[in-house]
Visitor: 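I'd like to ask some things about the structure below.
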Amino acid sequence: MKKLLGVILSTAIVVSMMAGCGSKGSGSSGSKSAALSDGVLTVGTNAEFPPFEYVGDDGEPDGFDMALIKAIGDELGVKVVIENMDFDSLVSAIGSKTDVAIAGMTVTDERKQSVDFSEPYFDAVQHVLVPANSDISSYDDLVGKTIGVQLGTTGDFLVEDIEGATAQQYTKAVDAVNDLVNGRVDAVIVDSNPAGVFAKNFEGTIKDLDGADFGFEVENYAIALPKGDSELKAAIDGALKKLKENGTYDELVKKYI
Ligand code: GLN
């Protein structure tokens with residue numbers, strides 16, 4: 001009996017230690033999210049997606065998403081620390097290396113199995129970049145083509161559904177665009193705003209085609225959050241709402257997009 005009591009007691013101690021250790025993003029113990037309780041919000045991004053995130057002249061991640069998450073951090077009274085990593089590592093890093101991720105990330109059912117999302121903060125659609133002299137202009141024209149995409153993105157997933165098409169995957173969308181310019185791929189599928197930036201950088205060499213004309217659907221960007229941390233979701237959604245109401249969100253759109 002004494003022995004059994006000892007086992008029960010030590011189990012209780014371990015459980016309470018686990019609850020109190022505040023492991024990144026896992027918590028719903030107490031009223032404040034564990035992700036915020038240390039005063040630091042660690043944010044994953046992939047700074048290869050202008051104008052939402054890119055490496056600025058000072059070598060630090062800059063862009064709309066970076067400014068937005070810092071404004072959210074200010075609202076919540078926490079310091080924002082950015083971790084720059086590959087896009088396809090962002091979801092799995094949440095809860096271990098990072099608290100949340102912001103990276104022009106589209107809300108998808110598949111991602112929702114691993115993470116929760118904030119309220120959406122921006123709409124986009126996939127665009128198709130092609131050489132200026134290309135005759136690709138419709139979905140059917142993409143059949144059997146080699147299409148450059150950024151690994152693990154919604155553009156990448158779209159290519160899986162195009163009959164006979166091959167996805168040439170890159171960790172950086174800009175490398176796909178460079179291969180388009182060099183004639184190594186027939187087209188690049190990438191989100192609307194980065195497509196606009198890339199097309200401008202190669203004006204006259206590549207064309208930027210609206211994916212709505214290819215039947216691609218509108219996508220919603222949101223901040224990816226640890227699954228089940230309802231306090232963090234409420235805090236971030238509340239801050240986002242306030243920034244929309246007080247004009248900060250619109251100022252950031254004007255500045256960056
Ligand atoms: N919106 C796309 C996605 O979520 C691409 C995001 C990105 O490349 N940063 O997959």
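Each ligand, and each atom within it, is numbered from 1 in the order the structure gives.
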Visitor: Looking only at distance, does Thr106 have an N or O less than 3.5 Å from an N or O of ligand 1?
Guide: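 Between Thr106 and ligand 1, an N or O pair is found under 3.5 Å apart.
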Visitor: Within a reach of under 6.0 Å around NZ of Lys145, are more than 12 heavy atoms found that belong to other residues, nucleotides or ligands?
Guide: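 Enclosed.
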Visitor: Residues two or more places apart in sequence or in another chain: which of them pass salt bridge (Lys or Arg N to Asp or Glu O under 4.0 Å) with Asp237?
Guide: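 Expected list: Lys233.
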Visitor: Geometry only, no angles: is Gly104 polar-contacting ligand 1 at N/O separations under 3.5 Å?
Guide: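 Right, the criterion is met.
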Visitor: Looking at Tyr221, which atoms of ligand 1 are within less than 4.0 Å of one of its heavy atoms?
Guide: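 That gives atoms 1 (N) of ligand 1.
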Visitor: Is any NZ, NE, NH1 or NH2 atom of the basic residue among Asp179 and Arg184 found under 4.0 Å from an Asp or Glu carboxylate oxygen of the other?
Guide: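 Between Arg184 and Asp179 there is a salt bridge, with a charged N closer than 4.0 Å to a carboxylate O.
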Visitor: Atoms of ligand 1 less than 4.0 Å from Ala103 heavy atoms?
Guide: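 Checking each atom against Ala103, I get 6 (C), 7 (C), 9 (N).
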Visitor: Counting only heavy atoms, which portion of Arg111 has something under 4.0 Å from ligand 1: side chain, backbone, both, or neither?
Guide: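 Side chain only.
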Visitor: Pull out every atom of ligand 1 sitting under 4.0 Å from any heavy atom of Gln150, numbered as shown with elements.
Guide: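 So the atoms of ligand 1 that pass are 7 (C), 8 (O).
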Visitor: Quick one: sort the Tyr221 and Phe122 rings into parallel, tilted or perpendicular, breaks at 30° and 60°.
Guide: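 Rings of Tyr221 and Phe122: parallel, as their planes differ by under 30°.
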Visitor: Just wondering, are more than 12 heavy atoms of other shown residues or ligands nearer than 6.0 Å to NZ in Lys241?
Guide: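 Not more than 12 within 6.0 Å, no.
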Visitor: Polar contacts were defined as any N/O atom of the residue lying under 3.5 Å from an N/O atom of the ligand; does this apply to Thr153 and ligand 1?
Guide: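 No.
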Visitor: What do the steps show when you test Lys255 against Glu251 for salt bridge (charged side-chain N to carboxylate O under 4.0 Å, His left out), and what is the final call?
Guide: CA-CA 6 Å; Lys255 180 171 176 193; Glu251 271 170 36; over 6 Å; no
Visitor: What do you reckon, does Asp191 have a nitrogen or oxygen under 3.5 Å from a nitrogen or oxygen of ligand 1?
Guide: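 By distance alone, the answer is yes.
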